[in-house]
Amino acid sequence: MSNTTYQVPTMAEMAAKGESPEVLFWVGCAGSFDERYKSVTKAFVKILNKTGVSFAVLGPEESCTGDPARRGGNEFLFQMQAVSNIQVLNGYNVKKIVTACPHCFNTLKNEYPDLGGDYEVIHHSTFLQQLINEGKVTLKGGGTFKGKKITFHDSCYLGRANNIYEAPREVLEALDSELVEMKRCKTKGLCCGAGGAQMFKEPEKGDKDINIERTEEALETGASIIASACPFCMTMMTDGVKSKEKENEVKVKDLAELIAEGLV
Amino acid sequence: MNYLSQLLFLITVGIATYILTKRISRIRKNIMMGKPLDRSDQPNKRLNTMLMVAFGQQKMFKKVIPALLHLMIYLGFLIINLEVLEFVIDGFAGTHRIFAPFLGDFYTLALNFFEFLAMAVIVSCVIFLFRRNGLKVKRLSMAELNGWPKLDANLILIIEISLMLAILTMNATDQIIQTRDLAAMGMHPYTKTGTFFFSSFLIPLFQNMDTTALVITERFAWWIHIIGILGFAIYITYSKHLHIFLAFPNTYYSNLEAKGKMENMKEVTNEVNMMLGLPSESSEQAPAEIGRFGAKDINDLNRVNLMNAYSCTECGRCTAECPANITGKKLSPRKIMMDVRDRSEEVGYSISKGGKGLDDGKFLLGDYITAEEINACTSCNACVEACPVNIDPLSIILQLRRYQSMEESASPSSWNAMFSNIETSFSPWKFAPTDRFNWADEVKKEEMN
Ligand code: SF4
Ligand code: SF4
């Protein structure tokens with residue numbers, strides 16, 4: 001493997017060489033399997049490579065954090081997942097984890113400590129913000145996004161669940177774009193409709209789907225990019241934009257994709 | 001005659017205290033039906049939360065105009081109740097405005113301030129009555145409020161207006177009586193108090209009455225106010241208005257952890273550790289008695305959940321922010337809280353009558369709250385964020401879901417499918433676990449520049 005291509009080292013490979021990375025990138029199930037979100041994973045890996053961050057992934061050893069099982073009420077299954085994952089993570093002596101999924105982030109950060117998994121966990125929005133602040137990310141000046149209207153859709157599991165509102169916005173501002181807010185944003189942000197395991201079932205009877213309500217609000221801002229920072233929000237907003245037949249004018253993009261596009 | 005009124009006062013206060021104590025102890029017992037929950041940590045932070053959220057009404061100020069009107073009523077009640085101290089002393093001692101001679105001009109100033117607050121309370125309550133019944137604000141006119149909750153809300157406003165009017169009437173007639181010659185009637189003259197600005201506008205209404213009628217009116221207003229306050233205190237224990245007391249402990253004991261964190265079920269951890277062959281924390285200790293997994297009825301919930309239900313003002317701020325409710329689903333976090341309270345009251349009442357209590361064949365889940373409601377929740381925490389007294393409807397919803405899944409295996413079928421995907425392929429979707437790392441193949445081939 002030559003060093004001119006992107007590297008995705010696994011924990012197992014590193015351990016075999018007696019090395020340990022600074023940070024573990026927890027990819028998550030959506031990041032590993034979902035066609036759309038895989039490109040977010042790749043974008044983030046490219047950023048990690050280009051900024052020279054020492055990282056590794058678990059690769060085939062990764063497994064669902066258990067979040068959807070827990071929210072669906074199956075505590076037993078959640079804990080089976082969590083305890084097994086913690087054994088793997090502790091086996092590699094992991095100290096710091098970064099993930100692009102707010103649900104994984106919340107579970108790893110807030111829920112694993114009760115089961116013996118204590119790590120410093122950061123969401124990729126905060127991680128990107130830190131890279132930008134440290135000057136490690138250099139963006140093409142005035143290029144791709146200059147003057148473009150971008151609106152940010154708050155993920156419930158980043159925002160209200162963990163009080164992260166500013167990091168993703170600072171990342172977007174670094175792009176030199178024009179950040180426009182939806183009527184309901186930050187603490188009042190409206191859910192995309194997928195949290196709490198809703199992603200994995202049809203909605204209950206109602207007058208409207210939640211993602212349509214949210215997409216309408218996003219479209220009202222006149223933004224040409226809806227930025228998100230969560231795989232479930234990504235799916236829901238993309239579906240919403242499609243059902244409004246706006247997919248040619250309005251794109252739904254993850255923060256990591258936007259930064260990767262703007263990288264020098 | 002004086003002794004008679006003192007005796008009457010004593011009896012009135014006695015009866016009210018008796019009923020009130022019984023009610024408080026009933027509510028306490030109802031809340032104690034819940035499971036204990038240790039929230040004795042971080043007392044300073046808790047105190048601070050209570051001061052900011054309950055005393056300082058921090059979260060009310062997300063909507064400024066209702067917050068200001070509500071603040072007027074709140075301050076009015078808090079401060080005007082200082083005057084009740086005088087009422088009580090007068091009532092027991094058979095005196096009249098016992099503080100007036102001691103405080104002199106300050107008494108006049110204080111009472112003018114109280115009257116200003118009384119006016120502010122009246123104005124605010126009238127606006128609230130109009131908003132509730134005339135403007136049809138959605139969260140205040142939803143079907144879940146039909147019947148008692150709507151009547152309750154209006155009654156509270158009307159009682160508050162009446163209590164304030166009683167004060168103003170009493171002060172107006174008192175001022176006229178001060179100018180009359182009571183000695184001629186063999187009575188002690190009324191203490192001079194100086195002019196009360198707001199109530200003096202009412203003087204023309206009573207000016208033409210003879211002195212006896214005036215004294216009767218003044219005394220009547222005094223009694224109405226004191227009986228009104230005592231009655232109101234009892235009334236609120238049956239009403240959503242209980243938040244005026246419970247908001248304080250409720251915010252003190254509110255959740256201080258990240259909102260996204262779900263409470264860990266220790267009893268499950270022990271089993272999981274055993275299954276995975278790991279040392280389990282309490283393997284040496286006798287296993288704690290395991291009730292139900294999750295919650296089916298109020299005694300499965302914790303005490304903070306139940307106190308939450310008694311603290312709920314039914315304001316609907318939670319429901320107005322709930323994505324499920326906004327899009328027409330049955331779920332309403334406010335209704336969840338109302339159901340928990342109704343069920344607690346039902347069980348408590350039955351127990352107090354020697355009835356079956358919890359074993360009446362009814363359950364919170366099923367008879368009050370349906371599966372359709374709890375399954376619609378996205379766990380978005382909008383309700384928790386919106387609640388002005390830090391109530392957590394989500395915690396209850398998630399405990400009900402735990403019961404549904406772990407005791408009944410009655411989760412929606414797509415969830416059951418998702419559970420089995422996680423069990424067999426370690427991902428909520430049905431993909432081969434060996435394909436998990438395939439995404440890296442392409443990116444590894446790409447040139448970096
Ligand atoms: S957490 Fe559930 S009940 Fe509360 S607002 Fe969100 S969807 Fe509604
Ligand atoms: S739970 Fe809170 S926000 Fe909801 S109705 Fe009750 S007091 Fe209002």
Side-chain angles (χ1 to χ4, degrees), chain A residues 1 4-8 29 32-33 38 41-42 45-46 49-50 59-60 62-64 66 68-77 79-81 83-84 106 110-111 114-115 156-157 160-163 187-188 190-191 193-198 200-210 213, chain B residues 257-262 264-265 268-269 271-273 275-276 278 293-294 321 323-324 326-330 372 375-382 384-385 398 401-402 404-406 411-412 414-415 418-419 422-423 426-429 431 433-437 439-440 442-448:
Chain A
M1 212 190 292
T4 59
T5 61
Y6 291 103
Q7 306 289 303
V8 193
C29 299
S32 305
F33 293 116
K38 275 197 252 177
T41 307
K42 288 177 206 162
V45 159
K46 288 181 185 173
N49 271 276
K50 286 204 175 170
E62 201 184 278
S63 177
C64 175
R70 187 173 236 194
R71 314 292 134 178
N74 195 336
E75 178 75 4
F76 194 79
L77 180 56
Q79 291 202 13
M80 290 291 281
Q81 286 300 113
V83 171
S84 320
N106 177 67
N110 298 321
E111 299 184 345
D114 281 344
L115 296 163
C156 306
Y157 274 77
R160 281 183 294 267
N162 288 293
N163 287 318
T187 55
K188 292 186 132 252
L190 184 76
C191 175
Q198 297 301 331
F200 305 100
K201 73 173 198 12
E202 288 304 311
E204 272 57 38
K205 215 162 72 299
D207 334 310
K208 200 179 194 178
D209 283 341
I210 297 173
E213 170 90 7
Chain B
E257 306 217 40
K259 288 196 190 74
K261 179 183 173 177
M262 271 177 75
N264 195 53
M265 289 178 72
V268 172
T269 312
E271 264 186 61
V272 166
N273 283 343
M275 279 195 61
L276 295 172
L278 297 167
F293 285 130
E321 303 282 325
I326 289 173
T327 55
K329 278 87 181 171
K330 269 207 186 128
E372 183 179 343
N375 289 336
C377 172
T378 71
S379 70
C380 72
N381 267 303
V384 184
E385 181 76 41
L398 291 172
R401 277 195 194 170
R402 279 175 168 169
Q404 173 185 258
S405 165
M406 291 199 283
S411 300
S414 334
W415 276 357
M418 176 262 288
F419 296 153
I422 296 179
E423 262 168 66
F426 313 112
S427 149
W429 296 284
F431 288 108
T434 43
D435 291 345
R436 185 175 274 272
F437 196 36
W439 61 267
E442 284 165 45
V443 78
K444 278 188 196 161
K445 285 185 206 126
E446 269 182 61
E447 288 291 323
M448 241 172 93

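Order of the sequence lines sets the chain letters (A, B, ...), proteins ahead of strands, with each chain counted from 1.
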Is a donor on one side and an acceptor on the other found under 3.5 Å between the side chain of [X] and the backbone of [Y]?
| X | Y | value |
| --- | --- | --- |
| B:E321 | A:L190 | no |
| A:N106 | B:G260 | yes |
| B:S379 | A:G196 | yes |

Test item: [X] and [Y] side chains (from C-beta on) under 4.5 Å apart, heavy atoms:
| X | Y | value |
| --- | --- | --- |
| B:E372 | A:K205 | yes |
| B:W415 | A:N74 | no |
| B:N264 | A:Q79 | yes |
| B:E423 | A:L77 | yes |
| B:M448 | A:T4 | no |

Please determine, among [options], the option with the most heavy-atom pairs under 4.5 Å with chain A.
| options | result |
| --- | --- |
| B:E385, B:R436, B:E442, B:R401 | B:R436 |
| B:K445, B:M275, B:E446 | B:E446 |
| B:N375, B:L398, B:T434, B:N381 | B:N375 |
| B:V443, B:I422, B:T269, B:T327 | B:T327 |
| B:P433, B:S411, B:A258, B:C380 | B:C380 |

Go through [options] and name the one with the most non-hydrogen pairs under 4.5 angstrom from chain B.
| options | value |
| --- | --- |
| A:E62, A:R70, A:M80 | A:R70 |
| A:G66, A:C64, A:P60, A:P203 | A:C64 |
| A:E213, A:E111, A:K38 | A:E111 |

Problem set entry | Proximity breakdown for B:K329 and chain A, heavy-atom pairs closer than 4.5 Å |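 Contact with chain A: backbone and side chain both.
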
For this session: Answer with side chain, backbone, both or neither: which region of B:M265 has an atom nearer than 4.5 Å to a non-hydrogen atom of chain A?
Result: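 Its backbone and side chain both get close to chain A.
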
Exercise. Around B:K330, counting heavy atoms of other residues, nucleotides and ligands shown, do more than 12 lie under 6.0 Å from its NZ?
Worked result: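 No, not enclosed.
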
Restricting to non-hydrogen atoms, name the atom on [X] and the atom on [Y] that form the minimum distance, rounded to 0.1 Å.
| X | Y | value |
| --- | --- | --- |
| B:P412 | A:K201 | CG-CD, 3.8 Å |
| B:M418 | A:A197 | CE-CB, 4.0 Å |
| A:C191 | B:T378 | SG-OG1, 3.3 Å |

Contact part of [X] toward chain B, heavy-atom cut-off under 4.5 Å: side chain, backbone, both or neither?
| X | result |
| --- | --- |
| A:Y157 | side chain |
| A:I210 | both |
| A:K50 | both |

Exercise. Going from CD on B:E271 to CZ on A:F76, what distance comes out if it is rounded to the nearest 0.5 angstrom?
Worked result: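 So the CD of B:E271 and the CZ of A:F76 are separated by 5.5 Å.
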
Problem set entry | Gap separating the CZ atom of B:F426 from the OG atom of A:S84, nearest 0.5 angstrom |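 Nearest 0.5 Å value for the CZ-OG distance: 7.5 Å.
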
Exercise. Applying the side chain to side chain contact (heavy atoms under 4.5 Å, CB included) test to B:S427, which of A:S32, A:S63, A:C29 qualifies?
Worked result: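 Of all the options given, the one that passes is A:C29.
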
For this session: Run the ring-centre check on B:W429 versus A:F200 and record whether the distance is less than 6.0 Å.
Result: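 Between A:F200 and B:W429, which both carry aromatic rings, the centre distance is below 6.0 Å.
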
Exercise. B:R402: what forms a salt bridge (charged side-chain N to carboxylate O under 4.0 Å, His left out) with it, not counting sequence neighbours?
Worked result: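 Per chain and number, B:R402 pairs via salt bridge (charged side-chain N to carboxylate O under 4.0 Å, His left out) with A:E75.
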
